[in-house]
Amino acid sequence: MRNLVLGLQFGDEGKGKVTDFISQENSVLVRYNGGTNAGHTVVTKKGKFKFHLLPAGSLKASSIVLGNGMVIEPEALVNEISDVLAENPHLKIHISSAAHVVTRLHKYMDGAQEKMRGEMKIGTTSHGIGPTYEEKYSRNGIRIEDLGNRDTVLKKLSFIRELRSSELTESPFNNEELEKIADELHEKWQYFRSFVGRTEYFLFDAVSKNEHMVFEGGHGTMLDIDFGTYPYVTSSNTISGALHTGTGISLRKIDRIIGVVKAYTSRVGEGPFPTELHGKDADLLREAGGEYGTTTGRPRRVGWLDIPLVNYAAMLNDVDEIAITKLDVLGQFRNIRICTSYGKNVKEPVNALLGKEKAEPEYVEMDSWGKIGEGEIEQIVESGYDAVPEEMKNYISTVERLTGKPVKIVSIGQIRESTVVRK
Ligand code: GDP
Ligand code: IMO
Ligand code: MG
């Protein structure tokens, strides 16, 4: 079985938890886009694990692949690999030689661009993602394969500095500093060089051997560079098709596309958010859900579940099924709402999502299932879907009716085990 897990909102839907949950000890796990701007949390009985570059199931899988579509910061990579190997020493790691390298120059430029944007700022993670993709597409980028040659890296760094001089004014990157960066990158390379290769061959082989595979999308659909709320998006494609360009494996080889939907909505950074809550309700939901960025620690903006948004995302990704997360959090609200439409004047919801037309969200009110205690969660997991509270079942079947997609995975707690699968 080859699975694709991706987010149907603005990111942080709980993709990490779902990826980890469906991963097996013999799985091949794959990331294909983005970099350390992604933050995927997995909670097991042993503790909390945060993934930025490695797929979230790395704690138990047999092999992982970082595809060519990614932008990789070597220092973060080394740290994450050593953390994961401490937990899963037999893990085999494959890193695409064609993935691009995020350097300190790119991180600096990310910050500088945000400053220059002023009121038009995007609210990026400041991890250098945008500038690194810019370098890739202008064909001046440093690829993982370049790191083996320190002089090539230095030459490219000098060229990038010259080309981007207006973004690097007042920056600390004199010749001495560039030499230092080239040294650092080369040193990190020594640590992971044995993992680097043309990962497409390994992946084709895994597909032909029918290995259990999980591809994990970074970010959410509404952060897609083309289909998201541009310019308040990330710099990569996040929709399902990015899997092909980001790994070389055709989407036709994927058996199951799982769209992860948080039972409410959250967003970090700027940009339109039709069902956003403000004030006391927002504070309550943010606290109940621990809605603070995994990567930056920023408070996430929060709001009600937005069905027009989810339907747009489900359409773009051609999802087969939905995994719904954080129902335990939503249950802490007495009055729960779901947005079913943006009002009769909005014909194509994407226009309201882009902020081009005014969304006048229409809601249905749902009965709450209340707070569920830990003991109750365990009991539900043990007994299966039949034991789910009726009000929660009603919420889930409402989502199914409004999206036309089956909800197969139901997440009712942070820990890996707090998950119910519907047959
Ligand atoms: P991702 O970027 O989509 O992988 O999501 P993040 O990991 O950034 O954010 C989701 C957060 O919600 C993480 O802290 C998860 O541990 C947590 N989480 C996921 N599913 C559930 C759930 O069903 N209930 C609760 N309480 N927390 C959850
Ligand atoms: P995961 O994989 C939430 C947002 C940033 C910012 C915008 C652009 O954890 O769901 P960037 O640094 O990518 O140039 O920032 O995109 N963003 C995310 N928000 N979850 C993510 O990833 C995100 N990746 C990028 O907050 O608004
Ligand atoms: Mg996240």
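We count ligands from 1, going down the list as the structure has it; atoms in each ligand are counted the same way.
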Proximity winner for atom 8 (C) of ligand 2, if only heavy atoms of Thr41, Val268, Val233, Thr125 are counted: Val233

Best match, Gly217, Ala263, Gly39: closest heavy atom to atom 6 (P) of ligand 1: Gly39

Check: Glu291/Tyr264 side-chain N/O donor and acceptor closer than 3.5 Å: yes

Sub-4.0 Å atoms of ligand 2 with respect to non-hydrogen atoms of Gly269: 27 (O)

Part of Lys17 within contact of ligand 1 (heavy atoms, under 4.0 Å): side chain

Parallel, tilted or perpendicular: ring planes of Tyr191 versus Phe195, cut at 30 and 60 degrees: perpendicular

Per-residue contact class, Arg300 against ligand 1 - non-hydrogen pairs under 4.0 Å: side chain

Pairing of Glu270 and Arg117 as salt bridge, 4.0 angstrom limit: no

For atom 26 (O) of ligand 2, the protein heavy atom that lies nearest, with its residue and separation: Arg298 NH2, 3.0 Å

Numbered atoms of ligand 1 (with element) below 4.0 Å of His40, judged on heavy atoms: 1 (P), 2 (O), 4 (O), 7 (O)

Ring centroid separation Phe10 to Phe273 under 6.0 Å: yes

Those atoms of ligand 2 less than 4.0 Å from some heavy atom in Phe10: 3 (C), 19 (N)

Donor-acceptor side-chain pairing of Ser27 and His212 below 3.5 angstrom: yes

Atom 10 (C) of ligand 1 - nearest protein heavy atom and its distance: Asp12 O, 3.8 Å

Nearest neighbour in protein (non-hydrogen) for atom 13 (C) of ligand 1: Thr41 CB, 3.6 Å

Pair His127-Thr36, side-chain donor/acceptor within less than 3.5 Å: yes

Protein contact of atom 14 (O) of ligand 1 - nearest heavy atom, named by residue and atom, plus distance: Gln414 NE2, 3.3 Å

For atom 18 (N) of ligand 1, closest protein heavy-atom neighbour: Lys326 CE, 3.7 Å

Output field: ring centroids Tyr108/Phe173 closer than 6.0 Å: yes

Distance-only side-chain donor-acceptor flag, Thr229 / Arg267, under 3.5 Å: yes

Distance from atom 5 (C) of ligand 2 to nearest protein heavy atom, with residue and atom: Gly123 O, 3.7 Å

Salt-bridge contact Lys60-Glu87 (side-chain N to carboxylate O under 4.0 Å): no

Residue portion contacting ligand 1 (non-hydrogen atoms closer than 4.0 Å) for Asp328: side chain

Arg300 heavy atom under 4.0 Å from ligand 2: no

Heteroatom proximity flag, Glu270 to ligand 2, N/O under 3.5 Å: no

Nearest-option assignment for atom 17 (N) of ligand 2, heavy atoms, candidates Leu223, Thr229, Thr234: Leu223

Side chain to side chain donor-acceptor pair (under 3.5 Å) between Tyr342 and Asp306, intermediate numbers included: CA-CA 9 Å; Tyr342 292 151; Asp306 182 337; 2.6 Å; yes

Carboxylate-amine/guanidinium contact Glu177 Arg104, below 4.0 Å: yes

Pairing of Lys405 and Glu400 as salt bridge, 4.0 angstrom limit: no

Sub-4.0 Å heavy-atom contact, Gly413 with ligand 1: yes

For ligand 2, the portion of His127 having any non-hydrogen atom under 4.0 Å away: neither

Contacting atoms of ligand 2, where contact means under 4.0 angstrom from a heavy atom of Gly11: 10 (O), 20 (N)

Heavy atom of the protein closest to atom 15 (O) of ligand 2 (residue, atom name, distance): Thr124 CA, 3.3 Å

Part of Val329 with heavy atoms under 4.0 Å of ligand 1, whether side chain, backbone, both or neither: side chain

Check: His106/Glu135 side-chain N/O donor and acceptor closer than 3.5 Å: yes

Residue and atom name of the nearest protein heavy atom (relative to atom 4 (O) of ligand 1), distance in Å to one decimal: Gly16 N, 2.8 Å

Gly11 touching ligand 1 at heavy-atom level, < 4.0 angstrom: no

The one among Asp12, Leu6, Val71 that brings a heavy atom closest to atom 3 (C) of ligand 2: Asp12

Enumerated ligand 2 atoms positioned under 4.0 Å from heavy atoms of Gly218: 2 (O)

Criterion side-chain contact (heavy atoms from CB on, under 4.5 Å) on Tyr363 and Thr340, from CA distance to verdict: CA-CA 6 Å; Tyr363 293 98; Thr340 54; over 6 Å; no

Whether Ser235 lies under 4.0 Å from ligand 2, heavy atom: no

Which N, O or S atom of Asp12 lies nearest to the Mg ion (ligand 3), by name: OD1

Gly7 to ligand 2, any heavy atom closer than 4.0 Å: no

Ala38 N/O/S atom closer than 2.8 Å to the Mg ion (ligand 3): no

Taking atom 10 (O) of ligand 2 as the reference point, the nearest protein heavy atom with its distance: Lys15 NZ, 2.7 Å

Pair Asp283 + Arg286: basic N to acidic O under 4.0 Å: yes

Leu327-ligand 1 polar pair, N/O distance under 3.5 Å: no

Distance filter under 4.0 Å to His219 heavy atoms, resulting ligand 2 atoms: 1 (P), 2 (O), 10 (O), 21 (C), 22 (O), 23 (C), 24 (N), 25 (C)

Donor on one side chain, acceptor on other, Glu216 and His40, under 3.5 Å: yes

Close N or O approach (Thr325, ligand 1; < 3.5 Å): no

Ion pair check, Glu134 and Arg164, cut-off under 4.0 Å: yes

Pick from Ser266, Gly14, Ser411: the one approaching atom 20 (N) of ligand 1 most closely through a non-hydrogen atom: Ser411

Donor-acceptor side-chain pairing of Asn237 and Asn33 below 3.5 angstrom: no

Lys/Arg-Asp/Glu bridge criterion (N-O < 4.0 Å) met for Asp12, Lys262: no

